[in-house]
Amino acid sequence: MKKNVRVRFAPSPTGGLHLGGVRTVLYNYLFARQHNGKFILRIEDTDQSRYMPGAEEYIFETLAWCGLLPDESTKHGGGFGPYRQSERKVSYKQYAERLVTDGYAYYAFDTPQELEAMRNELKSDVNPNPQYDRLVRKKMKNSLTLPADEVKAFLQEGTPHVIRIKMPEGETVSFTDMIRGEVSFDTSLVDDKVLLKADGMPTYHLAVVVDDYLMQISHAFRGEEWLSSAPVHVLLWRYLFGEKAMPQWAHLPLILGPNGKLSKRDGAKYGFPVFAMNWNDRKTGELTAGFKENGFLPVAFVNMLAMLGWNDGTEQELFSMDELIQKFSMERVHKAGAKFDYEKAKWFNHEWIKRTDDETLGQELLKQYVAHSQTTENVLPEGHPELLKKCTAIIPLIKERCTFLTDVYQQASFFFIAPKEVDAAAVKPKWNAEKKKFFEELINELLSLQHWQGLAIENAFKNLATNSGIKPGELQLPFRIMLVGGKFGPPVFEIAEILGREETTLRIENTLPQFD
RNA sequence: GGCCCGUUCGUCUAAGGGUUAGGACACCACCCUUUCACGGUGGUGAUACGAGUUCGAAUCUCGUACGGGCUACCA
């Protein structure tokens, strides 16, 4: 038996690649890496009602951004393909037929109308969701109730039918979940799930078991919402391949929104992303925001996600992917669902931005500057070593003020463009002729300054202030407002250093009249 | 309704019978800084409830409550 860890999700990001889905992928990935195993991606694309154009590409883009690309998939190949469920159709039917022959499943010929009629009839306050179970099946049109020749005739005529599992009565099915330990179910209380649909396609229940077997999956992780259908899967394993060959299951706790399971709606409603990357629904034109486009670093996103339901037992909270691979353990994954907190997610990103090197952030700043600038066209980082150097020099001054990657230009814009409006109101009340004179003299002082360097500028500034009989502190705010336009930003003399002698004196000159 | 899973500060969590129940986010205060942040120090704040086992329970057992999931020819 090969030691593989497998992952599966729907091609629709709606169902598959929200926060919880990516975390499932992440835990799969970490577990596979730790055990030197294979991380397999099987695409579920059978449900027409949910199939989304572009979803498969989106899945790979997202996983690439997160650094979670699989070892085997539709894109990466592998020995157990095809990896698209719709391309595996033939084999499912054969297994379903075998179950019927062996007496573990049966044909059901009930029409959708008949099913609905049954449900309406049985529906009551004590039974709001009637199921097709061991009691109900006795009254329905299937190969257990119909005479054999009638069944044969139906099949020969090609009457639409499904194959349902025949749930045994009074048995206890149990299995050991990697996270929850022993979980057991009374088969009398489980319904006869459809295994093969009328169109010949398998349901998830059949497909997952058959594929896990054929792809030699040893560990299967999925969300907790699948726990209640686990008895069906265990039974199918028992009937088809033997329980011994069954993969080890791990049902991961859910990621919760403000109320219940986190949904796409929650994101729009409460103003935070729920997808890793922007998802553009080509059918509805709806755009669902992603962490990437909101200015998250992949390392921060992955770190945040990993900590939603797992910790290493110490007080460490910041983990790189390599550290996660090293320290992750299934035993320490929580049983209870975790409510997503965007504030904490922002904190992770802030921490990782502070840990990102200046060169990388400098590139990012340059990119954003180019994007924001209307005057510069065709400016590329490679073509402007001077500009890149400036950007990289700015980063140490601003990086700890950025929560999002998208903040860098916003925090640094005044280095590139003189403020259009200055907060003169903050200066005027305390403005006087002496101060004005100070700044006029400051211009000359700065022009003749020998070393254009933060500390030297500061000394010149303070000496001049003292000589003018004004406290240096009272002059710093006006100076700041002249340079950046408002009461914000890094230390003012360091700003002046990067701005350069010419630009600094120019800004003083230009704003001085506005304070009168 | 039935079945399954769960329950420690507002949130994420540590403590696998003996701790003043620890940390992080958020919040508040103070310090640093004559800007705004960062940072530093401190503070508010939790074992859902009830029984039982035990010298001793957040931790083990049972019950109750609450929360979540599932209950489709969706995944």
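Proteins come first, then strands; the chains are lettered A, B, ... in the order of their sequence lines, and each starts at number 1.
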Scanning both residues in full, the closest heavy-atom pair of Thr406(A) with Asn294(A) reads OG1-O, 3.8 Å
Taking the six-membered ring of Trp431(A) as reference, does the cationic atom of Lys428(A) (NZ for Lys, CZ for Arg) lie under 6.0 Å from its centre and within 45° of its axis?
no
Separation of [X] atom [atom1] from [N] atom [atom2], in whole Å?
X: Glu225(A); N: C5(B); atom1: CD; atom2: C1'; result: 12 Å
X: Leu318(A); N: C12(B); atom1: CG; atom2: C1'; result: 14 Å
X: Ile179(A); N: C4(B); atom1: CD1; atom2: P; result: 19 Å
X: Met482(A); N: U35(B); atom1: CE; atom2: P; result: 17 Å
X: Glu351(A); N: C12(B); atom1: CD; atom2: C1'; result: 15 Å
X: Glu458(A); N: U33(B); atom1: CD; atom2: P; result: 12 Å
X: Leu206(A); N: C74(B); atom1: CG; atom2: C1'; result: 15 Å
X: Asp133(A); N: A72(B); atom1: CG; atom2: C1'; result: 15 Å

Does [X] place a side-chain N or O at less than 4.0 Å from the phosphate oxygens OP1/OP2 of [N]?
X: Arg480(A); N: A37(B); result: no
X: Arg119(A); N: C73(B); result: yes
X: Lys399(A); N: A37(B); result: no
X: Lys197(A); N: C74(B); result: yes
X: His334(A); N: A14(B); result: yes
X: Asn127(A); N: G2(B); result: no

From the set [options], return the single nucleotide nearest to any side-chain atom of [X].
X: Lys354(A); options: C73(B), C5(B), G39(B); answer: G39(B)
X: Trp347(A); options: U35(B), G1(B), A24(B); answer: A24(B)
X: Lys487(A); options: U35(B), C12(B), G22(B); answer: U35(B)

Run through Arg164(A), Arg137(A), Arg134(A) and flag the one making a side chain to side chain donor-acceptor pair (under 3.5 Å) with Asp192(A).
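Of all the options given, the one that passes is Arg137(A).
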Indicate, with a heavy-atom threshold strictly under 4.0 Å, whether Phe185(A) touches base, sugar-phosphate, or nothing.
sugar-phosphate
Whichever of Phe340(A) and Pro202(A) has its nearest RNA chain B nucleotide further upstream toward 5'
Phe340(A)
Has the side chain of Lys344(A) got a donor or acceptor that lies under 3.5 Å from a partner of the other kind on the base of A24(B)?
yes
